[in-house]
Every structure is written in structure tokens, then in C-alpha cells.
There are 2 protein chains.
Amino acid sequence: MSDAYYLKLTEQLRTLIDQNAALWEGKLPAERSLAERFATTRVTLRQALSQLEMEGLIHRSNRRGWFISPARLVYDPTRDAGFNDYVRAQGRQPRTAVLKLETRAHLPAARALNLPDDQPFHHIRRRRYVDDRAVLVESLWVVPTCAPELLDIYTGQSLWGLLRERWGHYLANRSIRMVSEALSPIDAEELLVAPGTAGLNISRAILDDQQRPIEFDEEHWLHDSLCISVELSGQR
Amino acid sequence: MSDAYYLKLTEQLRTLIDQNAALWEGKLPAERSLAERFATTRVTLRQALSQLEMEGLIHRSNRRGWFISPARLVYDPTRDAGFNDYVRAQGRQPRTAVLKLETRAHLPAARALNLPDDQPFHHIRRRRYVDDRAVLVESLWVVPTCAPELLDIYTGQSLWGLLRERWGHYLANRSIRMVSEALSPIDAEELLVAPGTAGLNISRAILDDQQRPIEFDEEHWLHDSLCISVELSGQR
DNA sequence: TCAGACTTCTGGTCTATACCAATTAGCCAG
DNA sequence: CTGGCTAATTGGTATAGACCAGAAGTCTGA
């Protein structure tokens with residue numbers, strides 16, 4: 001049972017990776033050569049690699065091979081510090097690419113904000129990077145009356161900052177949901193990973209201090225690239 | 001690329017499961033019979049099943065086969081409502097089994113609470129069930145001076161309730177961390193699943209209102225059995 | 001020097017098969 | 001009906017080999 005070869009292989013690979021991380025510059029040797037080195041099949045080798053992938057030690061990019069995963073980004077979804085700020089605060093390099101700007105209806109957003117099913121939203125879709133690795137894609141659905149000219153002026157900055165400073169919205173009530181998932185083919189492609197890769201879905205519904213709906217957003221993270229951290233003090 | 005057969009198979013299985021959920025009483029047919037039905041190999045069939053497993057639609061128990069996963073439990077790790085309470089509030093049946101009671105040092109707990117490495121703790125290890133399915137194992141590490149006779153009187157009730165009511169502790173400062181993981185062989189065995197199954201690690205360090213360390217705990221959940229939900233309002 | 005075509009390498013997918021060990025189902029005796 | 005043994009079933013693991021398409025590296029000609 002627990003004497004399965006692929007589990008031993010997993011351990012051997014783990015130490016091998018530790019030792020040669022610098023030498024390999026973050027990229028593992030080809031599967032075929034690793035399989036040969038351990039005198040096994042690619043199938044079994046891949047089973048072991050998948051274990052390490054689930055642990056978050058390594059990951060693969062498209063068809064380019066296996067890479068050693070960098071340290072996880074620490075992220076507090078309850079704070080509205082901008083992505084750029086807290087990535088830099090951890091000594092990493094953030095980047096954002098805007099993938100889509102449009103206005104249309106979206107059922108999950110409508111449901112989450114208690115609006116009619118055909119309610120239109122300003123939709124922003126963007127991909128975020130840490131040190132040039134794409135780690136998440138997200139879709140933001142903003143109630144148009146809260147930010148009328150949003151799509152004309154948006155160029156990749158912090159949306160919550162805009163909502164607060166330009167339109168004076170007070171993002172008072174946030175309802176946050178986190179679920180592990182398998183990335184959809186669409187999300188996976190935008191993140192340059194295989195469809196079905198493990199991910200984490202974080203979505204928020206945001207209302208102002210008078211319970212008026214403002215925004216709904218949905219983030220799809222690579223599971224190995226973040227560590228969620230929440231600090232609570234005082235009340236209750 | 002996206003025309004892979006196992007992805008189509010995944011979709012076919014998804015609808016097949018939807019249709020026959022009641023008929024099968026929660027347990028899928030044998031892999032060999034499913035593979036035959038779809039005229040493919042067990043290898044490919046298992047690849048498709050693994051996809052659905054990652055999505056959280058199905059799961060497997062030990063060597064007993066594939067089962068349809070029940071709805072996720074909604075869980076707010078920032079509240080200290082007892083497990084039993086919120087499981088019942090969702091119309092499910094909770095159960096707890098105490099696996100171990102001991103006093104010893106534990107490095108991660110000491111680190112998290114800023115105590116010396118050799119600091120001893122009262123250690124409680126328990127397994128929790130929802131509707132008779134084991135969904136998590138957890139270890140609690142309590143500073144002995146905060147609850148001297150804990151191990152003598154503990155019989156499976158709410159630990160936080162005890163700390164509050166019996167010893168008058170005010171659990172004011174909580175630092176929570178959530179990370180996806182692959183379940184260790186030990187955790188996996190205690191949950192009756194295969195080693196390396198996808199899981200979610202939730203750990204908390206708890207201090208009182210004067211920053212005195214009280215407790216550290218670490219939960220290992222099956223990834224498909226929970227939906228984390230946090231509600232925030234007002235401040236900031 | 002450089003863009004573009006060609007070749008090689010490599011990961012992604014799939015088939016076919018086999019053995020083991022744990023679970024389950026069936027059978028039999030008490 | 002029950003307890004225990006046996007046999008069939010089934011999931012977990014592993015081998016060996018194959019093809020494809022994308023990525024990377026190489027060569028060529030302008």
C-alpha cells in the first residue's frame with residue numbers, strides 16, 4: 001500500500017530537486033531522461049511528478065516542461081490593498097494584462113448581488129503575474145451606474161482604488177467565498193497551463209454601506225501560488 | 001489540444017452521473033465496466049474520473065470505489081461557532097472522534113505562537129465527520145497553563161467553548177492561514193483516502209486580548225468537502 | 001545579421017496488458 | 001440465522017510502446 005514505488009520516487013525527486021534547484025535554473029530535466037535515470041516508465045514518473053505538483057513544489061507550463069515553483073504569495077482577500085502593492089511588499093514583481101473590456105449581463109454576478117438576471121455589468125477581465133509567471137485570471141463585474149465611464153478610462157490600475165477615489169464608493173460589505181476547483185479549459189489556456197490544473201476560486205460580492213450592490217468579482221488562482229492569510233483582532 | 005478524448009469522457013461522465021445519481025445510490029459502477037461502456041482503457045477512464053475528482057464532483061474511498069460527493073459544507077474559519085453547531089445549521093449530521101490526547105512539544109505550534117522550541121503543549125487530535133463521511137482531521141496545541149486539566153476532562157466537545165467558559169479566555173487575536181496541499185500519508189490514512197489526495201490546510205494561531213498565546217491548531221480538510229465563506233461589514 | 005524554414009525534442013494523450021492486495025460477495029457449516 | 005472461510009471482483013500500481021502537436025533549437029538563404 002504505502003510501499004508503492006511512485007511514492008518512493010516522489011521522495012527521491014524531492015531531494016533531487018532540492019539539491020539541483022540552482023543547477024537546473026528552475027526547470028527540471030525532460031521526463032524521458034528522468035524516467036531513464038530512475039529506471040522506470042514515463043507513466044510512473046509522471047505519477048510522482050503529479051504528487052509534487054499537488055504539493056505545490058513544482059508546476060508545468062503548457063508543453064514546455066516542469067518548473068520549480070517559487071514561494072507562495074501571501075494574500076489576504078479581506079483587505080483591499082491593491083495587488084500591485086502587496087506583491088511589491090513581498091519583494092516580487094507584479095504585472096497585469098487586461099484581456100477584455102465589455103458591457104454585458106452575467107448570471108452569477110446578478111445572483112450574487114441580488115439583481116435581475118438580465119442586469120448588464122461593466123466587465124473587466126485581466127491576467128495577473130508575479131515575477132512574470134501568470135498566477136491568476138479574474139473577471140470583475142461592476143454595476144454600470146456606480147462607474148459609468150469605467151471602460152473608457154480603465155487601463156489596468158487598481159479597480160477598488162478607482163471606485164473609492166473617483167466615484168466615492170465606500171466598499172463596506174464584502175461577502176467572500178473560496179473553493180478549490182479544476183481550472184476550466186478557458187482559464188487554463190489564459191494561464192498557459194493544462195486544462196484541469198488545480199486552482200482556487202475566490203469570489204467576492206461587494207455592497208456599499210447602504211447595502212447597494214457595487215461589484216462582483218471572481219479570481220482563478222493557480223493553487224500552488226498563494227497562501228491565504230487573514231488576521232483578526234478584537235471584536236466578538 | 002482541447003479535443004482530448006479524456007475531456008470529452010469527463011463531460012459524458014458528468015451527465016451520466018447527474019442522470020443516474022439516484023439509481024446508483026451515490027456509488028459509481030466499477031472502473032472496468034465504465035471503461036467498457038465507453039470503449040476505452042481504464043487508464044484513460046481514470047484520467048477522466050480524476051478530473052471530476054479535482055472538481056469535487058466525485059471522490060474515492062480507499063479501495064472501495066468512486067462515490068458522488070455531497071454538497072460542500074459552508075465554513076467560516078473566522079467565526080468560532082462550534083463545528084457541531086454549523087454542521088447542524090446546514091441540516092447535516094456532525095460527529096467527532098478523538099484520536100489522541102497527549103502532552104508534548106511541537107515546533108510549528110511553538111513558532112506560530114512565539115514560544116520556545118521545546119515548549120510543551122496539550123495535544124488533542126480528532127477526526128470530524130459530516131453525515132458519516134470523514135471530512136477532516138485536526139490537531140490542537142493548547143498552552144498547558146491556559147487549561148491545566150484539559151486532557152483529563154476533554155471528551156470531544158467544543159474546545160473554544162471550554163476555553164471561554166471554563167477558563168475564561170478571551171480569544172481575541174486570530175491569525176489564520178489557508179494553503180492547498182496534498183494530504184500526507186498519515187492524514188490520508190486517517191481520512192480513509194489515498195495518500196496524496198488533494199486537501200486544504202487551515203491553521204490558526206490564537207492569542208488573547210493581551211497578546212498572550214493560547215492555542216494553535218491545524219485542520220486538514222478533504223478539498224471537495226468545504227466552501228470557505230467570510231462575511232465582512234463596516235470598518236476600514 | 002536576421003527572418004523564415006526545417007528538424008529535433010518533449011510533453012500530452014492513448015492503447016493494451018498484467019499483477020497485487022484489499023474489499024466484497026457468495027457459500028458453507030454450525 | 002450467524003459466523004467464518006473462500007473465491008470473485010475491483011481499485012491501485014506498473015510496464016512497454018506509440019503517435020501527435022507544440023516548443024525549442026538549428027540551419028539556410030537573402
Side-chain angles (χ1 to χ4, degrees), chain A residues 1-13 24-54 58-68 132-134 182-183 185 188-198, chain B residues 1-13 24-54 58-68 182-183 185 188-189 191-198:
Chain A
M1 176 64 173
S2 180
D3 53 349
Y5 180 56
Y6 82 95
L7 288 176
K8 290 178 196 159
L9 229 189
T10 305
E11 295 315 309
Q12 293 178 40
L13 282 170
W24 292 339
E25 293 177 338
K27 184 178 187 311
L28 270 61
E31 291 180 2
R32 284 173 175 83
S33 80
L34 282 175
E36 192 181 13
R37 177 184 324 208
F38 290 101
T40 184
T41 330
R42 269 182 71 208
V43 179
T44 303
L45 190 265
R46 279 171 66 88
Q47 200 173 354
L49 289 173
S50 297
Q51 282 295 314
L52 297 175
E53 182 186 31
M54 278 210 294
I58 59 177
H59 66 273
R60 49 198 156 147
S61 172
N62 237 358
R63 285 166 171 278
R64 286 188 281 117
W66 294 88
F67 298 84
I68 300 175
D132 285 319
R133 177 187 179 203
L183 294 174
E189 196 188 330
E190 292 183 335
L191 290 172
L192 301 176
V193 297
T197 299
Chain B
M1 176 64 172
S2 182
D3 54 347
Y5 181 55
Y6 82 96
L7 288 176
K8 290 179 196 156
L9 229 190
T10 304
E11 294 316 308
Q12 293 178 42
L13 282 169
W24 291 339
E25 292 176 341
K27 185 180 186 312
L28 269 61
E31 291 179 2
R32 284 173 174 83
S33 80
L34 282 174
E36 191 181 14
R37 178 187 319 210
F38 290 102
T40 183
T41 330
R42 269 181 72 208
V43 180
T44 303
L45 191 264
R46 278 171 67 87
Q47 199 175 356
L49 289 172
S50 297
Q51 283 293 314
L52 297 175
E53 183 186 31
M54 278 210 294
I58 60 178
H59 66 274
R60 50 198 156 146
S61 173
N62 237 354
R63 284 168 168 279
R64 286 188 280 118
W66 295 87
F67 298 83
I68 300 174
L183 293 174
E189 196 187 329
L191 289 173
L192 301 176
V193 297
T197 298

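Order of the sequence lines fixes the chain letters, A, B, ..., with proteins taken first and strands second; residue numbering starts at 1 for each chain.
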Please list, one pair per line, the donor and acceptor atoms closer than 3.5 Å that link side chains of residues 33-43 of chain B to other protein atoms, with sequence neighbours excluded.
unit_1: B:Ser33; atom_1: OG; unit_2: B:Ala30; atom_2: O; d: 3.0
unit_1: B:Arg42; atom_1: NE; unit_2: B:Glu31; atom_2: OE1; d: 3.2
unit_1: B:Arg42; atom_1: NH2; unit_2: B:Glu31; atom_2: OE1; d: 3.1

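- As rounded to whole Å, 16 Å separates atom C1' of D:dA23 from atom CZ of A:Arg60.
- For the pair A:Lys8 NZ and D:dA14 P, the interatomic distance rounds to 9 Å; values are reported in whole Å.
- When rounded to the nearest whole Å, the span between CG of B:Leu9 and P of C:dT13 equals 13 Å.
- For A:Arg32, the listed nucleotide lying nearest its side chain is C:dG11; candidates were D:dG12, C:dG11, D:dT10.
- Of the listed nucleotides (D:dA14, C:dT10, D:dG11), D:dA14 has the atom at the smallest distance from the side chain of A:Ala4.
- With sequence neighbours excluded, no residue satisfies side-chain hydrogen bond (donor to acceptor under 3.5 Å, both in side chains) with A:Gln47.
- Contact between B:Gly196 and B:Ala182 at its shortest, heavy atoms only, is O-CB, 3.8 Å.
- Here B:Tyr6 contributes atom OH and B:Leu49 contributes atom CG; the two are 13.0 Å apart, rounded to the nearest 0.5 Å.
- Separating the CD atom of A:Glu31 from the C1' atom of C:dT13 is a distance of 11 Å, rounded to the nearest angstrom.
- Contacts of B:Arg32 classified as side-chain hydrogen bond (donor to acceptor under 3.5 Å, both in side chains), with partners at least two apart in sequence or in another chain: none.
- Rounded to a whole Å, the OH atom of B:Tyr6 is 16 Å from the P atom of C:dG11.
- Within the 4.0 Å cut-off from OP1 or OP2 of C:dC14, not a single side-chain nitrogen or oxygen of B:Tyr5 is found.
- The base of D:dG11 sits with one of its N or O atoms less than 3.5 Å from a complementary donor or acceptor on the side chain of B:Arg63.
- Listed in residue order, the members of residues 38-48 of chain B having a heavy atom less than 4.0 Å from DNA chain D are B:Arg42, B:Arg46.
- Within the 4.5 Å cutoff, the side chain of A:Leu13 has no heavy atoms near those of the A:Ile58 side chain.
- Remark: A:Glu189 pairs with no residue by the side-chain hydrogen bond (donor to acceptor under 3.5 Å, both in side chains) rule, at least two apart or across chains.
- Nucleotide C:dT24 holds its C1' atom 10 Å from the NZ atom of B:Lys27, rounded to whole Å.
- With axes fitted over five pairs at each extremity, the angle between the ends of the helix from C:dT1-D:dA30 to C:dG30-D:dC1 is 10° (10° resolution).
- Look at CG on B:Leu49: it is 15 Å from P on D:dT10, rounded to the nearest Å.
- Partners of A:Arg60 according to the side chain to side chain contact (heavy atoms under 4.5 Å, CB included) rule, which considers only residues two or more places apart in sequence or in another chain, are A:Arg46, A:Glu53, A:Trp66.
- Going from atom OG1 of A:Thr197 over to atom CD of B:Gln51 covers 8.0 Å, rounded to the nearest 0.5 Å.
- Taking 4.0 angstrom as the limit, B:Asn62 places none of its side-chain polar atoms (N or O) nearer than this to OP1 or OP2 of D:dG11.
- Rounded to whole angstrom, the span from the CH2 atom of B:Trp66 across to the C1' atom of C:dT23 amounts to 17 Å.
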